[in-house]
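Order of appearance sets the numbers: ligands from 1, and atoms from 1 within every ligand. All values below come from the heavy atoms of this structure, side chains included, with hydrogens, waters and symmetry mates left out. Fair warning: this is a prediction, and the values are worked out from it, not measured in the lab.
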Amino acid sequence: MALQDVLLDELRDMYSAENQLVKALPKLAKGAKDKTLKQLFTEHLEETKGHVIRLREVFEHLGEKPTGQHCNGMEGIVEEGSEALEKDEEGPSFDAGIVGAALRTEHYEIAGYNACISMAKTLGIGEVAGLLKENLDEEMAAAKKITAAAEPILKAAAEQPEDSDPSPKSAKEKYSAKKSRDDEKKAAADVAHRR
Ligand SMILES: [Fe+2]
Ligand SMILES: [Fe+2]
């Protein structure tokens, strides 16, 4: 069945994404300055290990192996998280960057699980949909908790003085700035002709 194949691809992607997060979350927990944030990342790390295990159950149910596809999307998001960890910012503004990165990972997972659940439901595999929904609920709860924990952090960051020289400094930052100008240039004509 064609949809079953698509679902398997998506699930393998999720499996890779979750495994990548098992390695990335401890770095966020270690890097975050705020105690609540640290604790949330540590708690969500344990949930994330549970997500890996639950996905294995899903694959067992489908009689398929979980590996076979690397999630490039999560690799990119995790890479942006490492960039946030390298930033030369003070306490709250440093944490604000980490919050942005963490919320991206959660919402990427939420999108993935929503897609997989719709497919599983269409295929009538309720058991799979149910297991995936358990992961989805924990992702949504995590995103909500991170957003709540971020509130005082963002307020404190708003009080911090601005960077006197925000221009890109490292070679990596300069390359990134150049690429972003390329992105803008390539899209400019299309954006100008918006209907
Ligand atoms: Fe997860
Ligand atoms: Fe998550």
For this session: Indicate yes or no: does K172 engage E79 in a salt bridge with an N to O separation below 4.0 Å.
Result: yes
Exercise. Just wondering, is there an N, O or S atom on H44 that's nearer than 2.8 Å to the Fe ion (ligand 2)?
Worked result: yes
Exercise. Hey, does the side chain of Q160 reach the backbone of S93 with a donor-acceptor pair shorter than 3.5 angstrom?
Worked result: yes
Seminar exercise, completed: Atom name of the N, O or S atom of H51 nearest to the Fe ion (ligand 1) is ND1
Exercise. Is there an N/O/S atom in E47 at a distance below 2.8 Å from the Fe ion (ligand 1)?
Worked result: no
Exercise. F94 and L154: same hydrophobic cluster, using ILVMFWY side-chain contacts below 4.5 Å?
Worked result: no
Exercise. Closer than 2.8 Å to the Fe ion (ligand 2), do we get an N, O or S atom from E109, backbone or side chain?
Worked result: yes
Exercise. Mind checking whether the Fe ion (ligand 2) has an N, O or S of E138 under 2.8 Å?
Worked result: no
Seminar exercise, completed: Looking at E139, the N/O/S atom that lies nearest to the Fe ion (ligand 2) is called OE1
Problem set entry | Flag if over 12 foreign heavy atoms under 6.0 Å of CD, E90 | no
Problem set entry | Donor on one side chain, acceptor on other, E139 and H107, under 3.5 Å | no
Exercise. Just checking, is any N or O donor in the side chain of T147 or E151 under 3.5 Å from an acceptor N or O on the other one?
Worked result: no
Seminar exercise, completed: The atom of E106 among N, O or S that is nearest the Fe ion (ligand 2) is OE1
